[in-house]
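Notes to accompany the following structure.
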Protein chains: 2
Amino acid sequence: MSGAGRNGAGGGGSRATMQRVAAAAGVSPMTVSNTFRYPERVQEETRARVLAVAAELGYVPNLAAGHLASGSSRVVGAIIPSIRNSSFYRYVRGLQDAAAEQGHEVMISLADDAEQELAAVRTFMGWRAAGIVLVGSEHHAETAALLRAARMPTVETWVRRGAIDMCVGFSVEEATRQMVRHLVARGRRQIGFIGYSGGVARRFADRLAAFRDELGAAGLAAGLDYMAHEADGFAAGKQALEALLTRAPGLDGVICATDVIAGGVIFACQRRGIDVPGQLAVTGWGDYEIASEIVPSLTTVRPRTRDMGRTAIELLLSGREAGGPPPPPRDVGFELVCREST
Amino acid sequence: MSGAGRNGAGGGGSRATMQRVAAAAGVSPMTVSNTFRYPERVQEETRARVLAVAAELGYVPNLAAGHLASGSSRVVGAIIPSIRNSSFYRYVRGLQDAAAEQGHEVMISLADDAEQELAAVRTFMGWRAAGIVLVGSEHHAETAALLRAARMPTVETWVRRGAIDMCVGFSVEEATRQMVRHLVARGRRQIGFIGYSGGVARRFADRLAAFRDELGAAGLAAGLDYMAHEADGFAAGKQALEALLTRAPGLDGVICATDVIAGGVIFACQRRGIDVPGQLAVTGWGDYEIASEIVPSLTTVRPRTRDMGRTAIELLLSGREAGGPPPPPRDVGFELVCREST
DNA sequence: TTTCCGGGTTCCACGGAAACG
DNA sequence: CCGTTTCCGTGGAACCCGGAA
């Protein structure tokens with residue numbers, strides 16, 4: 001750790017403070033402060049001089065000090081489980097755009113499991129973020145306790161029932177039911193479901209239940225499901241397809257928990273010479289970009305991820321009374337996109 | 001009660017401070033501080049009591065205040081241009097893992113253009129981050145000026161020549177040359193190159209030059225290249241393939257700037273009935289997961305993205321003397337992965 | 001403008017208890 | 001047996017940088 005100087009010298013590098021800039025520019029510290037926070041309050045000439053000196057010294061106002069003095073930080077923390085797929089991209093863009101409109105910044109932290117998520121929550125709380133956005137409603141017990149005890153404004157996304165504070169999502173049950181009805185209407189009779197096991201498994205529990213329920217309602221058997229290891233993306237599809245075909249050689253439809261799994265299924269079908277959708281109908285989830293490009297293109301669920309991001313910020317920065325009841329869950333809806341694979 | 005402070009604003013909601021925790025636990029603020037920063041200095045019994053009270057109040061030490069007081073932050077800012085593909089995932093994991101080992105946190109900010117990148121740099125500098133990691137060497141002029149003036153430790157990644165401070169990457173020229181030689185050795189004679197235009201175009205300039213140079217060295221014509229619009233992922237491949245085939249109906253090999261473009265090319269070939277690799281050899285870049293799963297699987301370049309992330313952190317936290325010369329660029333290498341598509 | 005914090009850390013002083021002579 | 005040293009947990013004072021009255 002290079003015990004660099006007691007103070008400054010090493011590390012952060014920036015020795016520039018408001019005082020120094022003020023001295024160098026021949027103005028008072030207050031003027032420097034105003035130059036950055038309320039430029040219109042400072043005469044143009046003065047402002048230009050201050051900015052020039054600041055640029056020369058590499059000075060940027062110390063947000064930590066500002067935050068401490070003003071008591072409000074303009075940072076929103078977003079914790080996401082993975083950046084491997086494009087729907088999170090749109091989601092994060094939604095967060096950032098909406099936050100920027102209100103003069104806030106979004107900081108992102110990646111967390112693959114509940115443990116890491118908790119650590120990230122601690123950090124954001126340490127920064128006294130204006131709010132925190134999580135994905136899903138499965139968290140470390142301590143995460144929920146901490147956020148609630150601190151009354152940190154929190155939004156859980158991608159789910160319709162939050163466990164902590166506010167939430168925004170869409171009905172995965174309804175989407176799953178529509179998928180099943182779609183396949184049944186296309187004449188499919190032996191339909192399987194592929195999800196992920198592991199830490200994210202519970203995220204798929206509702207879908208699996210809806211899948212079974214709707215199949216039952218259609219008078220079809222509902223025992224065909226397979227949970228692939230979550231670390232496998234496309235490979236999960238291959239693995240699952242093999243398992244399902246062993247159990248049900250007459251399988252003629254498969255509902256996948258993500259477009260990536262569905263893509264893996266399609267690739268596996270290409271290798272095994274199975275015709276999609278002739279022999280097997282395949283559906284995905286998420287409407288990632290690959291869904292519209294793969295051959296055959298993929299029937300999938302398109303959630304309004306960008307809206308979800310925007311709505312999360314809206315909820316977070318709505319300025320609800322601390323202690324007041326949380327606003328009701330928001331539903332941004334989804335859309336069934338039918339393509340060649342069914 | 002909620003608006004305890006002079007300016008409520010509803011903000012963080014957390015009114016828990018060290019003082020309050022100390023009072024509630026019947027100890028001095030110092031003991032609370034020690035409990036969190038140097039647990040071993042505090043007697044176990046006292047520590048347990050403090051932690052219990054802290055949990056109850058939802059108290060987490062205020063990092064802004066801490067950083068202000070100590071003059072050093074344990075945050076590394078990473079700015080990445082996109083989270084649409086899996087190589088950034090591994091890269092970010094590398095950053096986070098390495099940072100965690102040294103007790104640091106990585107905060108991520110997404111920036112699609114130089115303007116946004118500069119804003120993110122400002123924010124991280126405002127928080128007095130311990131260091132900043134950027135992607136590429138194409139930045140806003142002010143970005144470089146600011147970072148240098150403030151002596152902010154900075155690492156540029158994915159490139160071998162940095163413009164600011166330190167850098168880590170691998171030789172894209174050498175990788176491109178190997179690709180070309182690989183295709184030529186496979187008997188290809190009309191080889192095209194597909195990259196992206198727009199803001200990221202310059203990132204591909206070196207590759208394009210190496211492509212032309214190596215083709216020339218092989219005695220082949222090197223006029224076949226196409227820059228697709230960067231917003232298009234897979235679709236760019238389709239678009240580019242059509243353009244190239246129009247110009248060169250005998251096209252028998254194509255080098256793509258990313259696996260996603262290559263995937264798009266393969267999908268387009270499937271639609272047009274072009275046999276890959278029979279009629280057309282296709283190569284990608286990045287070894288995203290799809291490369292090994294798509295049919296046919298993709299010959300591609302596998303950069304050591306995870307190592308790149310780790311190395312970036314290593315450089316950043318190496319504790320170099322402020323003002324000293326930056327360490328030489330680091331090369332983490334790459335690997336040519338040959339698969340079915342060639 | 002000046003002054004006074006905000007919330008925490010660093011450095012050092014304090015005092016009780018155990019160990020030593 | 002008592003006085004003194006050592007150790008260690010705890011608390012006090014002086015800041016860190018910028019915002020608001």
Side-chain angles (χ1 to χ4, degrees), chain A residues 1 3-39 41-42 46 50 54 57-74 123 125-129 150, chain B residues 4-9 11-12 14-50 54 57-75 103 125-129 150:
Chain A
M1 319 265 95
R6 354 254 69 201
N7 240 348
S14 164
R15 242 204 264 12
T17 71
M18 214 167 69
Q19 266 81 356
R20 273 166 219 252
V21 173
V27 299
S28 81
M30 212 39 234
T31 304
V32 177
S33 175
N34 281 331
T35 299
F36 283 96
R37 277 181 63 76
Y38 307 101
R41 290 188 192 166
V42 181
T46 314
V50 171
L57 298 177
Y59 172 75
V60 172
N62 187 326
L63 294 177
H67 164 217
L68 199 55
S70 72
S72 79
S73 96
R74 310 192 70 84
T123 302
M125 288 186 59
W127 285 106
R128 298 298 185 266
Chain B
R6 23 275 266 88
N7 49 6
S14 163
R15 292 264 156 249
T17 70
M18 217 170 69
Q19 312 283 352
R20 272 166 216 249
V21 173
V27 297
S28 81
M30 257 331 294
T31 304
V32 178
S33 175
N34 282 331
T35 300
F36 284 96
R37 276 191 67 69
Y38 307 100
E40 72 282 0
R41 289 189 192 167
V42 179
Q43 212 150 31
E44 190 165 331
E45 194 183 334
T46 314
R47 195 198 321 159
R49 193 167 71 243
V50 170
L57 269 48
Y59 172 74
V60 174
N62 187 327
L63 295 178
H67 295 168
L68 189 57
S70 70
S72 79
S73 103
R74 320 221 90 200
V75 167
M125 287 185 61
W127 286 112
R128 300 297 185 264

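Proteins get letters first, then strands, A, B, ... in listed order; numbering begins at 1 in each.
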May I have the distance from Tyr59(A) (atom OH) to dC16(D) (atom C1'), rounded to whole angstrom? 13 Å
Could you check how far NE2 of His67(A) sits from C1' of dG6(C), rounded to whole Å? 10 Å
Rounded to the Å, how far apart are Gln19(A) CD and dG19(D) P? 11 Å
Are any non-hydrogen side-chain atoms of Leu68(A) and Leu68(B) less than 4.5 angstrom apart? yes
Met125(B) CE to dC17(D) C1', in whole Å, measures 15 Å
Between Arg49(B) and Ala25(B), which heavy-atom pair has the shortest distance, and what is it? NE-O, 2.9 Å
Would you call His67(A) and Arg128(A) a side-chain contact if the rule is heavy atoms closer than 4.5 Å? yes
Are more than 12 heavy atoms from other residues, nucleotides or ligands located less than 6.0 Å from atom CD of Glu44(B)? no
If the cut-off is 4.0 Å, is Ser70(A) near the phosphate of dG6(C), judged by side-chain N/O to OP1 or OP2? no
Counting only Watson-Crick or G-U wobble pairs whose two distances fall under 3.5 Å, which nucleotide matches dC1(D)? none
Tell me whether Thr46(B) contacts the main-chain N or O of Val42(B) through its side chain, where contact means a donor paired with an acceptor under 3.5 Å. no
Residues of residues 30-38 of chain B with any non-hydrogen atom less than 4.0 angstrom from an atom of DNA chain C: list those, numerically ordered, please. Met30(B), Ser33(B), Arg37(B), Tyr38(B)
Would you kindly give the CG-to-C1' distance between Leu68(B) and dT10(C), to the nearest whole Å? 13 Å
Side-chain heavy-atom pair Trp127(B), Asn62(A) within 4.5 angstrom cut-off: no
In whole angstrom, give the distance that lies between atom CD of Gln43(B) and atom P of dG15(C). 19 Å
What is the distance from CE of Met18(A) to C1' of dC16(D), rounded to the nearest Å? 13 Å
Is the closest side-chain heavy-atom distance between Tyr59(B) and Met18(B) below 4.5 Å? yes
Distances under 3.5 Å between nitrogen or oxygen atoms of protein and nucleotides 6-8 of chain D:
none

For the pair Thr31(B) (side chain) and Val27(B) (backbone), establish whether a donor and an acceptor sit closer than 3.5 Å, ignoring hydrogens and angles. no
Using the rule side chain to side chain contact (heavy atoms under 4.5 Å, CB included), only one of Val32(B), Asn34(B), Thr35(B) pairs with Arg47(B); which is it? Thr35(B)
Atom CZ of Arg47(B) to atom P of dG9(D): distance rounded to whole Å? 10 Å
